[in-house]
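Comments concern the structure below.
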Protein chains: 2
Amino acid sequence: MHRRLLLLGLLRQHKMHGYQLNEFIERDLSFCAEVKRPTAYYLLEKLAEAGYITEEEEERRGGRPPRRIYRITPRGEAYFLELLRENLRTYRRVTFPGDMGIAFIDALPPHEARELLEERYAQMREMLERIQQISGHAGAPRLVIEHHITHLKAELNWLEEVLASLAQEEESAGEA
Amino acid sequence: MHRRLLLLGLLRQHKMHGYQLNEFIERDLSFCAEVKRPTAYYLLEKLAEAGYITEEEEERRGGRPPRRIYRITPRGEAYFLELLRENLRTYRRVTFPGDMGIAFIDALPPHEARELLEERYAQMREMLERIQQISGHAGAPRLVIEHHITHLKAELNWLEEVLASLAQEEESAGEA
DNA sequence: CGCTGATTAGTCAAATTTGATGATATGAGC
DNA sequence: GCTCATATCATCAAATTTGACTAATCAGCG
């Protein structure tokens with residue numbers, strides 16, 4: 001449902017055609033939202049079927065696919081608020097794909113595990129910097145950016161501890 | 001791929017039939033892994049097709065569906081290590097469904113938003129406690145539990161700030 | 001001008017994921 | 001010894017998600 005909420009929330013601000021919507025999501029929200037192009041078109045169709053948005057076809061010059069302009073309806077507005085309340089009210093836990101590796105980390109020698117996780121660590125640092133850059137950039141919601149910054153800092157801290165404990169394992173293995 | 005890694009990782013420890021696997025995932029790993037029953041069966045089939053695991057049918061008394069025992073193969077072992085290295089090496093950003101609500105929080109009066117988020121906050125606290133309980137419980141990987149604890153604490157902190165800023169908005173709105 | 005690479009706009013087939021369901025067995029309580 | 005709840009073992013149809021693709025227009029340039 002959070003994807004529908006996103007689409008409705010954006011259409012609520014301005015009517016738009018699909019491409020615009022996707023551009024915006026990819027450029028400004030890719031750091032926090034995961035909605036690929038075809039998914040967005042799929043959902044737009046669903047939302048239109050359900051009467052939450054309207055599709056108007058706009059003639060385009062040439063043989064290019066005509067673009068469709070989506071606009072939220074009053075029912076869509078109401079649905080948006082419903083989804084919004086539901087979203088704010090409930091906590092949905094996230095799962096970290098990266099945890100699966102951690103769960104089986106003992107399958108590798110500590111030395112190798114540490115090297116691999118150091119690459120991961122570097123990528124997390126980069127991501128943090130990229131997000132801190134966005135801060136100025138309008139279009140991205142401030143609170144969400146701050147959320148991701150908080151989150152990434154916590155992730156970095158945790159990973160530092162893991163790395164430290166791996167270093168210790170290496171040491172005691174070296175002694176033995 | 002992280003789901004395949006999980007299945008292979010578990011089968012690497014013991015051969016198992018699908019039901020057992022699913023039981024374990026639901027009971028001990030649901031806090032960190034999201035793999036529903038049918039998904040697991042689907043992936044087991046795929047892994048078997050690819051030769052990473054073998055399926056042996058075991059006759060069951062009565063008319064119950066026969067259970068199939070899955071066992072990892074040497075190729076599966078190699079594939080597991082490949083997936084494990086890849087998983088440890090790369091950072092995959094997570095997206096928070098709950099951010100979509102935050103992004104549009106201004107659509108609600110601060111007062112209502114705060115009330116809703118307070119419910120969310122309570123659920124997060126509960127989740128934290130539940131995870132802290134697991135700590136003793138064997139079967140769940142320690143590092144992953146600690147990861148989630150770190151994460152949840154950071155989430156709680158962040159949400160407290162959001163709540164505080166909403167309270168402030170309410171106040172200044174009250175004055176006006 | 002004619003070519004190349006980017007941009008615009010959206011579609012399709014295929015892979016993945018899940019809610020709902022089936023059918024039997026086992027155990028607890030009466 | 002009967003009934004209802006729960007456990008065992010999965011499958012199916014339907015919804016969702018995405019990688020790959022089409023096909024036209026446009027901007028730059030030698």
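Throughout, protein chains are lettered first and strands after them, A, B, ... in sequence-line order, and every chain is numbered starting at 1. As a basis for the values below, the full set of heavy atoms in this structure was taken, side chains included, without hydrogen atoms, waters or symmetry mates.
- Taking atom CG of Asn22(B) as the reference point, atom P of dG19(C) lies 13 Å away to the nearest angstrom.
- A close approach under 4.0 Å does occur between a side-chain nitrogen or oxygen of Thr39(B) and OP1 or OP2 of dT18(C).
- Comment: Arg68(A) does not engage Glu56(A) in a salt bridge, judged by the lack of any side-chain N to carboxylate O separation of less than 4.0 angstrom.
- Residue Met16(B) comes nearest to Leu10(B) through the heavy atom pair CE-O, 3.6 Å, listed as atom of the first residue, atom of the second, then distance.
- One interatomic measurement links the two molecules: CE of Met16(B) to P of dC9(D), which rounds to 14 Å at whole-angstrom precision.
- Put simply, Arg3(B) has a side-chain N or O that comes within less than 4.0 Å of OP1 or OP2 on dT18(C).
- Contact annotation: Arg68(B) reaches the phosphate of dT11(D) (side-chain N/O to OP1 or OP2, under 4.0 Å).
- In terms of phosphate contacts, Arg37(B) brings no side-chain nitrogen or oxygen within less than 4.0 Å of OP1 or OP2 of dA7(D).
- Minimum atom distance to the side chain of Tyr19(A) is reached by dT7(C), of the listed dT18(C), dT7(C), dA10(D).
- Taking only side-chain atoms of Arg67(B), from C-beta outward, the nucleotide of dA9(C), dC9(D), dT18(D) with the closest atom is dC9(D).
- Each of Leu43(A) and Tyr70(B) was matched to the nucleotide of DNA chain D holding its nearest heavy atom; the match closer to the 5' end belongs to Tyr70(B).
- When the nucleotides dT16(C), dT11(D), dA9(C) are ranked by their closest atom to the side chain of Arg4(B), dT16(C) comes out on top.
- Taking atom CG of residue Leu7(A) and atom P of nucleotide dT17(D), one finds them 11 Å apart after rounding to whole Å.
- For Phe96(A) and His2(B), the gap between ring centers reaches or exceeds 6.0 Å.
- Taking 4.0 Å as the cut-off between side-chain N and carboxylate O, Arg85(B) and Glu112(A) count as a salt-bridged pair.
- Rounded to whole Å, atom C1' of dG19(D) lies 16 Å from atom OH of Tyr41(A).
- With rounding to whole Å, Leu21(B) atom CG is found 10 Å from dA10(D) atom P.
- Results of the side-chain contact (heavy atoms from CB on, under 4.5 Å) test with Tyr70(B) over Leu44(B), Leu47(B), Thr54(B) single out Leu44(B) as the only residue that passes.
- An OP1 or OP2 oxygen of dT16(D) is reached within less than 4.0 angstrom by a side-chain nitrogen or oxygen of Tyr42(A).
- Between the CD atom of Glu57(B) and the C1' atom of dC9(D) there is a distance of 11 Å, rounded to whole Å.
- Remark: P of dA6(C) and CD of Glu23(A) are 15 Å apart, rounded to the nearest angstrom.
- Each of dT16(D), dA9(C), dA10(D) was ranked by its minimum atom distance to the side chain of Lys46(A); first place goes to dT16(D).
- Contact between the side-chain N/O atoms of His17(B) and the OP1/OP2 oxygens of dT8(D) is not found at any separation under 4.0 Å.
- The nearest whole Å value for the distance from the CD atom in Glu49(A) to the P atom in dT16(D) is 11 Å.
- In the set dT18(C), dT7(C), dC9(D), the nucleotide with an atom closest to the side chain of Pro65(B) is dC9(D).
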